[in-house]
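Note that the numbering runs from 1 along the sequence shown for the chain. Computed from a prediction, not measured in an experiment: that's the story for all the values here.
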Amino acid sequence: SAASDVYKRQNEDLSTGGIVGGVQNSCKFIGITLTDLEIYGAYTVGGLIGKSTNDINISNVKSESSGVYVYGGFETGGLVGNSQKGNEFAVKDSKIKINKVEFANLDKGTKTWFGVGGIAGSANIKTTISNVQLTAYNKDSFIGSKKDNKPLATQTMNEGGLIGLSNEVCTIENTSVSVDVYGSNAGGFVGINKKQLSVNENCYYGVTSDTSACGVYGYTSSGGMVGTQNAAVTISKSAVKNAMIGIPTAKNGDAGIGGYVGIKANGDLKISDCEVNNVTLSAEDKSNGAGVGGVIGHNAVSYTHLRAHET
């Protein structure tokens with residue numbers, strides 16, 4: 001086990017992590033407590049690891065006091081900036097309090113492969129997240145990129161409560177996110193998925209109390225679970241509840257706000273035994289038409305199968 005007290009690390013190198021910047025061998029992080037962790041970096045940045053090129057196994061991690069503050073560049077994650085290579089990236093049995101996981105380089109431009117996430121900025125290997133809870137430190141806490149309290153006005157960023165850019169098969173189970181997400185392709189769980197994404201068994205975005213709410217705020221897409229769907233997505237026995245899903249300032253052209261998926265660009269979507277409960281969908285900018293739907297905001301292609309929540 002390891003712990004960090006009021007720990008700050010600043011680095012202008014390529015990869016910055018709370019424990020290690022770059023990892024080439026397989027690694028395990030078990031029983032770690034992060035207390036008032038603050039990490040600042042220019043490029044690939046994570047609360048534990050900047051960039052990994054092998055297997056990662058993280059379990060029983062918790063954060064205390066003010067939680068985790070990660071301020072980084074094009075790949076920024078609450079725990080891992082980029083899982084670049086390897087066979088498996090697994091995170092389980094952890095409770096993470098998020099102060100901020102923030103994209104820092106607002107004036108340096110963005111690219112389609114940029115990602116910011118509460119767990120990982122970019123996940124490029126098979127990923128499993130199970131029994132993980134992300135909560136907000138205070139009302140100013142958020143994950144992603146914003147300027148003047150609105151999502152960054154770019155079409156080429158990917159921000160998610162768990163993963164910004166998911167480039168490989170990903171399974172999420174028994175996991176919740178209760179933190180604001182701001183971004184271009186913004187999702188309560190995943191900003192954009194490029195391979196199969198499965199969300200199963202008691203997952204939810206939102207808060208448990210109906211007297212408060214957290215929200216997902218996008219520029220191109222805003223979804224309770226997924227900002228932009230680019231491959232098959234299956235969601236079962238899960239919910240979006242007590243949340244705001246909106247686009248404060250829409251881009252020109254197709255934009256989407258959905259209870260589960262903001263824009264369904266590619267791949268089949270299957271949703272079963274799920275619910276959207278006490279969720280407000282909002283397109284504040286009336287000048288640029290944004291599609292709005294309780295399940296999907298903008299549906300471009302492919303098959304969608306829905307089965308109602310069973311009570």
Participant: Between the side chain of Ser141 and the main-chain N/O of Ile98, is any donor-acceptor distance below 3.5 Å?
Facilitator: yes
Participant: Would you please say whether a donor-acceptor pair under 3.5 Å links the side chains of Ser184 and Thr220?
Facilitator: yes
Participant: For residues 219-239, which residue pairs pass the salt bridge (charged side-chain N to carboxylate O under 4.0 Å, His left out) check, not counting sequence neighbours?
Facilitator: Glu201-Lys237
Participant: If you take all heavy atoms of Ala186 and Gly218, which pair is closest and at what distance?
Facilitator: CB-CA, 4.0 Å
Participant: Calculate, to the nearest 0.5 Å, the distance between atoms NZ and CG belonging to Lys139 and Asp180 respectively.
Facilitator: 11.0 Å
Participant: Side chains of Leu197 and Val226: closer than 4.5 Å at any heavy-atom pair?
Facilitator: yes
Participant: Can you find a pair of side-chain heavy atoms, one from Ser176 and one from Gln133, that are under 4.5 Å apart?
Facilitator: yes
Participant: Between the main-chain N or O of Gln196 and the side-chain N or O of Asn193, is there a donor-acceptor pair closer than 3.5 Å?
Facilitator: no
Participant: Given side chains that start at C-beta, do those of Val45 and Tyr71 come closer than 4.5 Å, heavy atoms only?
Facilitator: no
Participant: Cut-off 3.5 Å, side chains only: do Ser65 and Asp36 have a donor facing an acceptor?
Facilitator: yes
Participant: Keeping Thr44 on the side-chain end and Glu75 on the backbone end, is there a donor-acceptor pair under 3.5 Å?
Facilitator: no
Participant: Which value, rounded to the nearest 0.5 Å, describes the distance between Ile143 atom CD1 and Leu134 atom CG?
Facilitator: 5.5 Å
Participant: Should Met225 and Val207 be regarded as members of a common hydrophobic cluster, given that ILVMFWY residues are connected when their side-chain heavy atoms come within less than 4.5 Å of each other, either directly or indirectly?
Facilitator: no
Participant: Within the distance-only criterion (no hydrogens, no angle test), does the side chain of Ser122 pair as donor or acceptor with the backbone N or O of Asn82 below 3.5 angstrom?
Facilitator: no
Participant: Counting distance only, does the side-chain N/O of Gln229 pair as donor-acceptor with the main-chain N or O of Asp268 below 3.5 Å?
Facilitator: yes
Participant: Decide whether Asn185 and Ser221 meet the rule of one side-chain donor and one side-chain acceptor closer than 3.5 Å.
Facilitator: yes
Participant: Please determine if Lys241 forms a cation-pi arrangement with Tyr204, meaning its NZ or CZ atom is less than 6.0 Å from the six-membered ring centre and no more than 45° off the ring axis.
Facilitator: yes
Participant: Is there a donor-acceptor pair under 3.5 Å between the side chain of Thr127 and the backbone N or O of Ile125?
Facilitator: yes
Participant: Answer yes or no: is there an ion pair linking Glu168 with Lys195, defined by an N-O contact shorter than 4.0 Å?
Facilitator: yes
Participant: Check for me, please, whether Val261 and Tyr217 land in the same ILVMFWY cluster - side-chain distances under 4.5 Å, paths through other members count.
Facilitator: no
Participant: Quick one, Ile39 and Tyr69 - any side-chain contact, counting heavy atoms below 4.5 Å?
Facilitator: no
Participant: Quick one, Asn266 with Asn230, criterion side chain to side chain donor-acceptor pair (under 3.5 Å). Give me CA distance, side-chain angles, the key distance, then yes/no.
Facilitator: CA-CA 4 Å; Asn266 286 294; Asn230 249 340; 3.1 Å; yes
Participant: OG1/Thr35 to NZ/Lys97 distance, rounded to the nearest 0.5 angstrom?
Facilitator: 9.5 Å
Participant: Do Asn242 and Asn277 have side-chain atoms, one donor and one acceptor, less than 3.5 Å apart?
Facilitator: no
Participant: Mind checking the OG1-NZ spacing from Thr175 to Lys92? Nearest 0.5 Å is all I need.
Facilitator: 12.5 Å
Participant: Step by step, work out the side chain to side chain contact (heavy atoms under 4.5 Å, CB included) result for Phe29 and Ile49.
Facilitator: CA-CA 10 Å; Phe29 294 89; Ile49 305 168; 3.2 Å; yes
Participant: Is there a side-chain contact between Ser236 and Val199 in this structure, where contact means two heavy atoms from C-beta onward sitting under 4.5 Å apart?
Facilitator: no
Participant: Look up atom CD1 in Ile192 and atom CE in Met157, then write down how far apart they are to the nearest 0.5 Å.
Facilitator: 12.0 Å
Participant: Quick one: does Ser238's side chain have a donor or acceptor within less than 3.5 Å of a partner on Ile235's backbone?
Facilitator: no
Participant: Could you pull out the closest heavy-atom pair between Ala123 and Ser83, with the gap in Å?
Facilitator: CA-OG, 3.2 Å
Participant: I'd like to know if the side chain of Thr76 and the backbone of Gly73 have a donor-acceptor N/O pair within less than 3.5 Å.
Facilitator: yes
Participant: Would you say Ile172 and Asn200 make side-chain contact, with heavy atoms under 4.5 Å?
Facilitator: no
Participant: Could you pull out all residues at least two apart from Glu173 that satisfy salt bridge (Lys or Arg N to Asp or Glu O under 4.0 Å)?
Facilitator: none
Participant: Do Asn131 and Asn174 have side-chain atoms, one donor and one acceptor, less than 3.5 Å apart?
Facilitator: yes
Participant: Would you call the rings of Tyr182 and Phe142 parallel, tilted or perpendicular if under 30° counts as parallel and over 60° as perpendicular?
Facilitator: perpendicular
Participant: Under a 3.5 Å threshold, yes or no: a donor from one side chain and an acceptor from the other, between Ser26 and Asn54?
Facilitator: no
Participant: Decide whether Val116 and Ile129 are clustered together by the hydrophobic rule: side chain heavy atoms of Ile, Leu, Val, Met, Phe, Trp, Tyr closer than 4.5 Å, transitively.
Facilitator: yes
Participant: Using only heavy-atom distances, determine whether the side chains of Ser145 and Glu159 contain a donor-acceptor pair under 3.5 Å.
Facilitator: yes
Participant: Indicate the atoms forming the closest heavy-atom contact of Ser222 with Val216, along with that distance.
Facilitator: OG-O, 2.9 Å
Participant: Between Phe74 and Tyr43, is the ring pair (Phe, Tyr, Trp, His ring centres under 6.0 Å) condition met? List the steps.
Facilitator: CA-CA 6 Å; Phe74 49 73; Tyr43 301 103; 5.8 Å; yes
Participant: Nearest 0.5 angstrom please: Lys85 NZ to Ile56 CD1, how far?
Facilitator: 13.5 Å
Participant: Looking at Ile245 and Ile257, what are the two nearest heavy atoms and their distance?
Facilitator: O-CG2, 3.4 Å
Participant: I'd like to check Val91 versus Val80 (side-chain heavy atoms, cut-off strictly below 4.5 Å). Are they in contact?
Facilitator: no
Participant: Whether the side chain of Thr53 engages the backbone of Val23 through a donor-acceptor N/O pair (distance < 3.5 Å, no angle test) should be reported.
Facilitator: yes
Participant: Provide the closest heavy-atom pair for Tyr219 versus Ile247 in the form atom of the first, atom of the second, distance.
Facilitator: O-CG2, 3.9 Å
Participant: Stepwise, does the side chain to side chain contact (heavy atoms under 4.5 Å, CB included) test hold for Val177 with Phe189?
Facilitator: CA-CA 7 Å; Val177 178; Phe189 274 21; 3.7 Å; yes
Participant: Using a 4.5 Å cut-off on heavy atoms from C-beta on, say whether the side chain of Cys170 contacts that of Ile163.
Facilitator: yes
Participant: Can you name the nearest heavy-atom pair linking Ala243 to Tyr205, along with the distance?
Facilitator: CB-CE2, 3.9 Å
